[in-house]
Amino acid sequence: MNKILVHICCGVDAVYALRKLKEDYPDAHIEGYFYDPNIHPEEEYILRWIETERVCNQIGIKCHLAPYELDRWLETVKGLENEPERGKRCTVCHDIRLEKTAQFAKEKGFDSITTVLMMSPKKDFDVLKTVGKQVAEKYGLEFLATDFRKNGGIEKMNRLSKEAQLYHQNYCGCMYALFQQRKGEFVPELVSFGRGRLPGSREEKLFIKKVRLYAESLGLPCYEQSFSFVSWRLISSTLKINKEPVSHAVVWFSKSTKGVLRDRVQEIVEENDRFIVKLKKSFVKIWILREPLREIPLDFPRFTTEPILIVGNDLRERFEPGTRLEIQLKAQFDENGESQNLIVGKKEAEKTVEFHSDTLADGSGGVDIENVLSAISENRKAILTGNKKVVIYGAKTVGNIGKYYFNNSFINV
Ligand code: SF4
């Protein structure tokens with residue numbers, strides 16, 4: 001029997017290519033191999049691996065996860081950083097990945113290799129074929145050069161990928177291609193804006209995908225409901241009292257100041273759970289908590305954007321009227337923010353177990369994934385019978401947006 005090892009780079013490219021291989025080689029034993037140290041950053045790499053695992057589970061193909069050898073990849077493409085996409089760096093990049101696939105195939109007794117990279121409309125089929133053949137020959141293997149794009153392959157891939165609600169990346173993988181694509185602009189894809197799972201972030205999506213992978217492995221139906229919202233990222237902030245920097249947090253959706261704002265304390269007003277510091281000249285406010293400093297999630301979306309900073313109760317005595325303050329804030333709004341709810345089970349199920357996927361920037365206020373997985377496992381029977389569902393809402397910390405969207409949408413899942 002033919003034993004084929006398939007190099008896989010992502011779930012989207014694999015979703016049709018693996019089916020096609022099974023169709024073309026019905027008697028062959030097929031396994032996958034995920035070796036992609038070209039994907040940056042590591043969270044993106046994990047996200048693409050999880051989606052690959054989901055696809056392989058659906059099709060019933062075992063997939064091996066190779067080590068993430070980022071240093072090796074960076075070393076090998078040294079000197080080719082400025083090459084355009086489809087240029088010399090890409091040839092070397094294909095070479096590294098296919099060579100490792102061939103080595104593994106040889107070790108484990110496979111007789112042929114191939115790659116789902118041949119699915120991508122952005123890849124040069126002839127280059128892949130040449131590289132694949134050379135590498136395979138070196139290890140005494142056959143390279144299966146199938147142009148998966150032919151005969152409506154792309155349309156089939158798109159349809160299957162949509163049905164499976166796969167994560168669809170918007171760049172090939174490496175930081176060098178991304179820098180070129182964005183032409184010197186800020187590249188948010190390569191940055192983590194906090195230590196947690198911010199609403200609309202890759203980390204939040206990763207959380208959802210991990211839960212989905214688990215729920216599907218238990219045979220449970222899952223549906224991801226995506227929604228858009230204006231997201232916000234804090235780039236930097238400074239608060240100085242009489243020229244001395246102090247620890248603080250910033251309330252979501254605070255807009256940037258115009259440079260450094262120098263002002264004095266006008267008055268302090270007492271409110272239920274905090275003191276509000278008002279300034280003489282500007283609308284910027286400072287909340288002094290009655291407890292140690294912490295970030296504060298929003299219960300409702302915020303419709304004003306004047307900057308609000310937060311300090312802990314240890315600084316209460318420092319804000320006397322007339323005190324000199326220096327404030328600088330840089331934040332970014334993104335109208336293309338996107339988050340998602342995950343529904344495990346049927347939407348109309350009477351009982352609901354609720355969680356949320358995001359956290360505050362410092363990682364607090366979130367849910368431990370183990371708790372979500374346990375709840376899904378414990379309620380498996382009730383979910384299968386349609387009595388219960390588990391819903392994981394996105395974008396909670398910015399005003400319960402996911403829950404609001406879920407309750408007001410008319411999805412039929
Ligand atoms: S653009 Fe894609 S194929 Fe080319 S080097 Fe980067 S990750 Fe590899």
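Order of listing sets the numbers, starting from 1, for every ligand and every atom in it.
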Practice task
Identify which protein N/O/S atoms are less than 2.8 Å from atom 6 (Fe) of ligand 1.
Solution key: Cys174 SG
Exercise for the section: Grab the two heavy atoms, one from Trp73 and one from Cys174, that are nearest each other, plus how far apart they are. Expected result: CH2-CB, 3.5 Å
Fill in the blank from the handout: The single option from Lys205, Gln165, Arg212 that satisfies side-chain hydrogen bond (donor to acceptor under 3.5 Å, both in side chains) with Glu224 is Arg212
Handout entry: Among Glu107, Glu99, Lys106, side-chain hydrogen bond (donor to acceptor under 3.5 Å, both in side chains) partner for Tyr139
Key = Glu99
Practice task
Measure from NZ or CZ of Arg316 to the centre of the six-membered ring of Phe275 and say whether it is under 6.0 Å with the direction within 45° of the ring axis.
Solution key: yes
Exercise for the section: Report yes or no: is the cationic atom of Arg302 (NZ for Lys, CZ for Arg) closer than 6.0 Å to the six-membered ring centre of Phe229, at no more than 45° off its axis? Expected result: no
Practice task
Establish, yes or no, whether the cationic atom of Arg97 lies under 6.0 Å from the six-membered ring centre of Tyr35 and within 45° of the ring axis.
Solution key: no
